[in-house]
Trainee: 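I have a structure here, written as structure tokens, and I will follow up with some questions on it.
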Amino acid sequence: MRDKIRGSEALMLALKAEGVKTIFGYPGGSIMPVYDALYDYTRGEKKAFDHILVRHEQGATHAAEGFARVSGEVGVALVTSGPGATNTLTGVADAMLDSTPLVVIAGQVAIGSLGTDAFQEVDLVGVAQPISKWSYQIRHAEDIPWAVSRAFYIARSGRPGPVVLDFPRNAQVEEVVYEPKKVDFVRSYVAYPKLNMDAVREAADLINNAKRPLALVGQGVELGNAQEELKAFLEKADIPAGRTMLGLSALPSNHPLNVGMLGMHGNYAVNLKEQECDVLIAIGMRFSDRVTGNTKTYAKQAKIIHLDIDRSEIDKNVKTNVAVVADCKESLPALTALINKNNHQDWRDSFKELDAKEREKVIEPAIHPKEGPLLMGEVVNAVAEHAKDDAVLVTDVGQNQLFATRYFKYHHKRSICTSGGLGTMGYGLPAAIGATFGVPQRQVCCFMGDGGFQMCIEELGTIMEQQAPVKMILMNNHYLGNVRQWQDMFWQRRKSFTKMLNPNYELIAQGYGIPYQAVVERKDLGAAIEKMLTTKGPYLLECAILEDDDVLPMTPPGMNVDDMMLEI
């Protein structure tokens with residue numbers, strides 16, 4: 001007869017069965033039995049996991065997100081109950097909106113104490129349910145293998161997302177004979193819809209008759225590992241392609257069919273051409289308001305084809321003519337087989353005049369200024385030129401994010417980690433830590449503003465302890481820059497509480513034992529970047545940025561997608 005083990009060890013075996021190797025966490029009272037079991041599974045003969053001790057539970061979820069985004073695996077966060085659990089909710093919501101596979105395991109008071117307002121009790125399942133793919137309370141040790149396997153299946157399958165497991169203390173200490181479970185089916189949950197070939201044929205017919213086709217490429221291509229299938233499709237039909245912010249590395253920056261980034265601060269030509277194309281092919285993207293602008297006027301001249309794995313996205317924001325609901329890894333090759341080899345050179349050439357206009361009015365002044373203080377665009381461009389081809393871009397949220405995503409270079413898949421849907425300030429630093437564990441062989445460059453950096457600055461402690469080789473580029477303009485820009489543009493320059501008095505970042509870096517350099521003069525920028533990138537381990541590079549540096553182009557909120565401003 002097999003020996004019984006505690007539920008806490010059963011969790012270790014269940015996580016091991018799912019292929020977990022890295023856990024980001026923070027211990028506490030209600031999860032202590034699990035951490036006691038983890039002690040044996042992070043060392044010695046039983047070693048199965050690396051546990052990364054973060055400095056805040058929100059940091060655990062963002063680190064797990066960064067790990068998941070670059071590795072394609074499920075990120076795992078382990079925390080205690082009460083505030084430990086509620087501190088993860090921002091990361092859970094962020095993962096839900098950005099389709100990031102995440103499993104959060106939180107301690108809970110014993111089931112006999114539920115509903116008594118026990119110390120650090122909170123209804124985590126109820127709170128997490130609206131912002132997760134699934135939330136569940138493991139009430140008994142015998143349910144652990146099934147619940148964990150189901151959680152990972154739901155998190156990683158179909159359109160990925162976060163799952164929250166609430167783990168009461170009694171289930172952690174109960175003894176049970178461990179019986180492995182493998183969940184690969186959930187009733188009423190269709191992870192991979194069956195491809196409808198009639199819809200594929202309709203889509204192919206529209207594409208074959210198009211004179212001005214345009215593809216919009218989203219993160220769904222990355223999540224489906226369909227980067228090569230995308231290129232084959234685009235190249236056969238000679239279709240120019242714009243990318244959403246989260247889909248930027250689905251198509252290399254230097255690919256001849258890449259026509260730039262979509263959206264409010266995207267590239268000028270592709271945004272205007274959305275209003276001229278005759279067939280619009282959306283691939284693994286959700287027609288976010290930041291992409292479409294005013295939906296009442298968006299692409300009304302075009303026939304719209306939408307390829308997506310999630311049926312709920314079809315017709316949600318933009319009415320489609322043909323919907324192909326399936327994994328793009330399957331739908332793109334099926335479509336490619338039916339489309340004609342084509343040439344749309346005249347249509348693609350029509351982008352060039354608009355590209356040249358943006359380059360003259362926006363890009364060149366942003367990346368090659370002749371005088372004045374440093375600009376964010378030139379810092380990003382300089383880092384991109386010095387970084388390795390397989391470097392991963394991580395950003396915080398705000399102007400730093402918009403400049404970084406615009407001017408970084410993407411050569412390989414899964415090369416961008418940024419908070420798209422939720423726009424979470426504080427995301428950058430912990431996500432970059434997670435990325436270094438997800439792809440330890442790649443360079444990780446993290447761009448942050450002074451506002452977002454300070455929101456999760458405590459994670460410098462994690463970097464110090466782990467010597468995580470995050471190359472941190474702090475673009476300091478002493479403002480909450482994006483809000484300041486909007487105040488200048490739309491609120492009569494009334495800068496209400498956006499000016500920031502900042503600390504001495506050199507002393508902070510010194511306290512954490514992290515190499516630091518400040519750059520004020522343009523002539524010193526290249527050498528400072530080279531030193532940062534060639535220094536082993538972490539590095540903080542602070543750049544003194546022009547206070548009123550503005551992100552352009554810009555489509556003002558609520559305006560038509562082609563109402564892009566090249567200057568203010």
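For reference, positions follow the sequence shown, starting with 1. Worth saying up front: this structure is predicted, and the values here are computed from it rather than measured.
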Trainee: Please tell me if the side chains of Thr90 and Tyr427 come closer than 4.5 Å, counting only heavy atoms from C-beta onward.
Mentor: no
Trainee: When you check the gap from the basic side-chain N to the acidic O, do Arg139 and Glu174 get nearer than 4.0 Å?
Mentor: no
Trainee: Counting only heavy atoms not in Arg201, do more than 12 fall under 6.0 Å of its CZ?
Mentor: yes
Trainee: Compute whether any side-chain donor of one residue and acceptor of the other, for Thr22 and Asp50, lie under 3.5 angstrom apart.
Mentor: no
Trainee: Name all pairs fulfilling the ring pair (Phe, Tyr, Trp, His ring centres under 6.0 Å) condition that reach into residues 99-141, sequence neighbours left out, sorted by first residue then second.
Mentor: Trp134-Tyr136, Tyr136-Trp146
Trainee: Can you confirm whether Leu246 sits close enough to Met285 that some side-chain heavy atom of one is under 4.5 Å from a side-chain heavy atom of the other?
Mentor: no
Trainee: Would you kindly say whether Thr244 and Arg290 are connected by a side-chain donor-acceptor distance under 3.5 Å?
Mentor: no
Trainee: Would you say the side chain of Ile339 lies within less than 4.5 Å of the side chain of Phe233, judging by non-hydrogen atoms?
Mentor: yes
Trainee: With a 4.0 Å cut-off on N to O distance, would you call Lys413 and Glu222 a salt bridge?
Mentor: no
Trainee: Salt bridge between Lys4 and Glu9, side-chain N to carboxylate O under 4.0 Å?
Mentor: no
Trainee: Should the pair Glu18-Arg156 be classified as a salt bridge under the 4.0 Å nitrogen-to-oxygen rule?
Mentor: yes
Trainee: With a 4.0 Å cut-off on N to O distance, would you call Glu313 and Arg159 a salt bridge?
Mentor: yes
Trainee: Indicate whether the side chain of Gln58 and that of Asn87 have a donor and an acceptor atom separated by less than 3.5 Å.
Mentor: no
Trainee: Within the 3.5 Å criterion, strictly below it, is a donor on Gln129 or Ser135 matched to an acceptor on the partner's side chain?
Mentor: no
Trainee: Under the ring pair (Phe, Tyr, Trp, His ring centres under 6.0 Å) rule, collect the residues that match up with His51, sequence neighbours excluded.
Mentor: Tyr35
